[in-house]
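In what follows, every chain begins at residue 1, and chains take the letters A, B, ... in the order their sequences are listed. Nothing here was measured: the structure is a model prediction, and the numbers come from that model.
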Number of protein chains: 2
Amino acid sequence: MAKPTQTAVAEEAHAPGTLSLGMLPDLLGFQLRMAQLATFRDFLETFADLGLTPTLFGALVLVEANPGAKQSELARTLGLDRSTMVSIIDRLEREGWVRRRRAATDRRSNAIELTAAGRRILPEFKRRVAEHEARLTAHLGADEQARLRDLLGRIFPDRR
Amino acid sequence: MAKPTQTAVAEEAHAPGTLSLGMLPDLLGFQLRMAQLATFRDFLETFADLGLTPTLFGALVLVEANPGAKQSELARTLGLDRSTMVSIIDRLEREGWVRRRRAATDRRSNAIELTAAGRRILPEFKRRVAEHEARLTAHLGADEQARLRDLLGRIFPDRR
DNA sequence: TATTGTTATACTCTATAACTATA
DNA sequence: TATAGTTATAGAGTATAACAATA
């Protein structure tokens with residue numbers, strides 16, 4: 001599996017079918033982007049039959065962990081606008097996994113909570129996500145996975 | 001549209017303003033997504049005056065490293081469809097940074113290359129990207145940055 | 001005045017399918 | 001037949017601005 005290191009190419013000449021990446025591999029932003037793109041696509045394939053996206057799954061887990069949370073709280077936690085959260089909750093509600101309830105203390109807001117169907121199906125979602133994660137980390141040891149999560153968590157911690 | 005039924009109910013207790021993330025921090029995909037989102041937004045702000053995106057910058061660097069490469073080669077390397085690459089090259093060409101040249105050997109394809117203006121401005125782009133990268137890695141040591149890039153490169157290496 | 005949810009709208013990014021010109 | 005570039009189009013995801021209800 002070991003490929004010879006690519007040497008500097010002369011002007012105009014580059015291996016057919018294989019391009020040099022130039023400085024890109026040295027950029028954290030580039031590695032982040034490519035890893036995220038591959039991961040996103042695998043996630044979509046994992047849930048192709050249900051149309052579940054990483055954002056929808058994240059919202060479901062958040063609702064489970066914070067029953068009765070407001071839409072705008074969920075939005076802020078996921079780094080989304082509250083108008084974006086409307087359609088996300090719409091979809092989850094249309095699937096019958098969550099419901100909107102009028103909050104008792106502040107009647108402007110909706111308290112979002114899982115339905116019985118949502119609580120029933122969430123373990124299956126988590127099981128599939130675990131399989132997806134296993135593919136993601138197939139080439140990493142358990143210690144490396146933990147290290148990677150830790151390092152990622154320290155990128156722009158002030159922007160979250 | 002159909003408005004959801006809303007019934008008043010008592011909210012369950014969770015810390016005001018701060019939601020629990022549940023299992024999300026344990027998911028590599030989630031950390032990846034949040035880090036990439038923050039990074040993408042900082043990149044856009046960095047080039048707000050020029051409208052340069054990570055993809056456009058990546059394409060420029062690729063053209064620099066592989067003068068005369070075909071559009072479809074660039075597309076494959078960046079993980080994009082060749083129809084998507086059309087508009088990317090369109091934009092770079094409209095800015096005057098690259099040009100399409102009829103390939104001599106295969107007249108179906110375009111050989112993409114930097115213009116003089118492109119070669120002139122690329123160092124400035126790289127300087128700004130370096131500043132962006134510095135913000136990104138503000139909380140990481142040099143060794144940790146290298147380790148992070150290495151670990152990211154081992155996520156789905158077979159899908160790239 | 002400020003906030004919450006909502007709607008209307010628009011913009012970006014991306015892919016699919018069909019077309020053309022070559023190979 | 002197959003490939004490279006292009007075009008038209010559609011879908012997903014997102015944000016901004018304005019509005020009503022409520023605080």
OP1 or OP2 of [N] under 4.0 Å from side-chain N/O of [X]:
X      : N      : answer
A/T53  : D/dA12 : no
A/R91  : D/dG13 : yes
B/R100 : D/dA4  : no
B/S72  : D/dG5  : yes
A/R41  : C/dA15 : yes

Would you kindly check whether a donor in the side chain of [X] faces an acceptor in the base of [N], or vice versa, at under 3.5 angstrom?
X      : N      : answer
A/S83  : D/dT14 : no
B/R108 : D/dT3  : yes
B/S109 : C/dT22 : no

**OP:** Give a yes or no on whether B/L92 and B/F57 share a hydrophobic cluster (residues Ile, Leu, Val, Met, Phe, Trp, Tyr; joining criterion: side-chain heavy atoms under 4.5 Å apart).
**Re:** yes
Between [X] and [Y], is any side-chain donor less than 3.5 angstrom from a side-chain acceptor?
X      : Y      : answer
B/R120 : B/T115 : no
B/R33  : A/T55  : yes
A/T46  : A/R135 : yes

Just how far, in rounded Å, is [atom2] of [N] from [atom1] of [X]?
X      : N      : atom1 : atom2 : answer
B/K70  : C/dT22 : NZ    : C1'   : 12 Å
B/D81  : C/dT12 : CG    : P     : 20 Å
B/F43  : C/dT12 : CZ    : C1'   : 15 Å
A/R107 : D/dA20 : CZ    : P     : 18 Å
B/L37  : C/dC13 : CG    : C1'   : 14 Å
B/R33  : D/dT14 : CZ    : C1'   : 11 Å
B/L44  : C/dT12 : CG    : C1'   : 10 Å
B/N110 : C/dT22 : CG    : P     : 12 Å

Subject >> DNA chain D: 5'-proximal contact among B/M85 and A/S87 (nearest heavy atom) >> reply: B/M85
Subject >> Donor-acceptor pair, side chain of A/Q71 and main chain of A/N110, under 3.5 angstrom >> reply: no
**OP:** Could you tell me whether B/R82 contacts a base, only the sugar-phosphate backbone, or nothing, with contacts defined as non-hydrogen atoms closer than 4.0 Å?
**Re:** base
Original post:
Within the structure shown, what part of the strands sits under 4.0 Å from B/G79 by heavy-atom distance: base, sugar-phosphate, or nothing?
Top reply: sugar-phosphate
Subject >> Matching residue for B/M85 among B/D90, B/L78, B/I112, B/T77 - test: side-chain contact (heavy atoms from CB on, under 4.5 Å) >> reply: B/L78
Original post:
Which residue lies toward the 5' end of DNA chain C, A/Q71 or B/D106, if each is placed at its nearest nucleotide?
Top reply: A/Q71
**OP:** Could you work out which one of D/dT14, C/dT14, C/dA23 sits closest to the side chain of A/T84?
**Re:** D/dT14
